Amino acid sequence: MIFAANFKTNHTRASTKTYMEDLKVKLVSKKPEDKVYIFPPSTALDRFDGDFTVGTQNAYATQNGAYTGEIGVEQLEEFGIKAILIGHSERREYMDETQTKVAEKFDFFKEQGFEIIYCIGEPLHIREKGFESVMQYLLAQFEGIDISYDKVIVAYEPIWAIGTGRSATVDEISTTHRALKKAINNKPLLYGGSAKPANIKEIISIAGVDGVLVGSASLSVESFSEMFLA
Ligand code: 13P
């Protein structure tokens, strides 16, 4: 299983350092086949010691250059970072990342050999239209994306389940993952959206779920480690 923590705009450089130290201790007891990823805010990126991979929540599709406020590959290489989240619904929505932009970013980081956690997810009004509409919406988020890339992990995060405390139901996850798995040639597929200690066992036991991408419940090392130690 894959357990990935997306801190979003939470934690400082100092609190991330403490988190990573505590995490390292917890990870000693994790199942050897499980993989843990942490995506701290970019100001907290660094080299950390422990059985986990540090990735960036975002970067600009450049080595370096004149892109005020952005970081590129040069800034990530300083810390040996080779994993990135692309296509998160919050970036698509608040930062106006269109499918074209997302696909360009994907291509660039693919060329750089990054592990890409590629996020997709539908808003509530699409879910309410029924399953066919959901799949149509989700499949459109693969436009321009080379799903055959060997270092891609897909994360299905229904927008209405993100940060709401209300996860998708077992049935919703199960049907969506089954259809997505076919569409993505069986690539690893994570679920995200209010995953937490109380529902983790149920979620990771669903066929077609290869792990979770966790926001709120990853912010405390106690809660996040409870998930991979469950
Ligand atoms: P929550 O776990 O807070 O719902 O966030 C999920 C998410 O968006 C992870 O990328």
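Since the structure is predicted, the reported quantities are computational estimates derived from the model, not experimental observations. As the structure lists them, so they are numbered: ligands from 1, and atoms in each ligand from 1.
Between F39 and Y37, the ring planes lie parallel to each other; the angle is under 30°, not in the 30° to 60° tilted range. Note: F142 and Y118 have tilted aromatic rings, judged against thresholds of 30 and 60 degrees for the angle between ring planes.
Listed by number with element, the atoms of ligand 1 under 4.0 Å from a non-hydrogen atom of S216 are 1 (P), 2 (O), 3 (O). Taking every heavy atom of E157 and a limit of under 4.0 angstrom, the matching atoms of ligand 1 come to 6 (C), 7 (C), 8 (O), 9 (C), 10 (O). Each of the atoms 9 (C), 10 (O) of ligand 1 lies under 4.0 Å from some heavy atom of L213.
No more than 12 heavy atoms of other residues, nucleotides or ligands shown are found within 6.0 angstrom of NZ on K17. The environment of CD in Q136 is sparse: at most 12 heavy-atom neighbours from other residues, nucleotides or ligands sit within 6.0 Å. At most 12 non-hydrogen atoms from other residues, nucleotides or ligands lie less than 6.0 angstrom from OH of Y60.
Of all the heavy atoms of H88, the ones lying under 4.0 Å from any atom of ligand 1 belong exclusively to the side chain. Of all the heavy atoms of N6, the ones lying under 4.0 Å from any atom of ligand 1 belong exclusively to the side chain. Contact annotation: for A161 versus ligand 1, heavy atoms closer than 4.0 Å belong to the backbone alone.
Ligand 1 does not have A217 within reach: every non-hydrogen atom of the residue lies 4.0 Å or more from it. Heavy-atom separations between G163 and ligand 1 include at least one value shorter than 4.0 Å. Distances shorter than 4.0 angstrom do not occur between any heavy atom of A4 and any atom of ligand 1.
Ion pair D210/K181 flagged as a salt bridge, since at least one NZ, NE, NH1 or NH2 atom sits closer than 4.0 Å to an Asp/Glu carboxylate oxygen. Salt-bridge annotation for D46 and R13: present, with a side-chain N of the basic residue lying under 4.0 Å from a carboxylate O of the acidic one. For E222 and K26, the salt-bridge test passes: some basic side-chain N is under 4.0 Å from an acidic carboxylate O.
For ligand 1, the polar-atom distance check finds no N/O of T164 at less than 3.5 Å from any of the ligand's N/O atoms. Looking at E90 next to ligand 1, no N or O pair under 3.5 Å apart turns up.
Atom 2 (O) of ligand 1 has G215 N, 2.8 Å as its closest protein atom, hydrogens excluded (heavy atom only). Among protein heavy atoms, the minimum distance from atom 5 (O) of ligand 1 is reached at K8 NZ, 3.2 Å.
Residues satisfying the side-chain contact (heavy atoms from CB on, under 4.5 Å) test with N64, not counting sequence neighbours, are E74.
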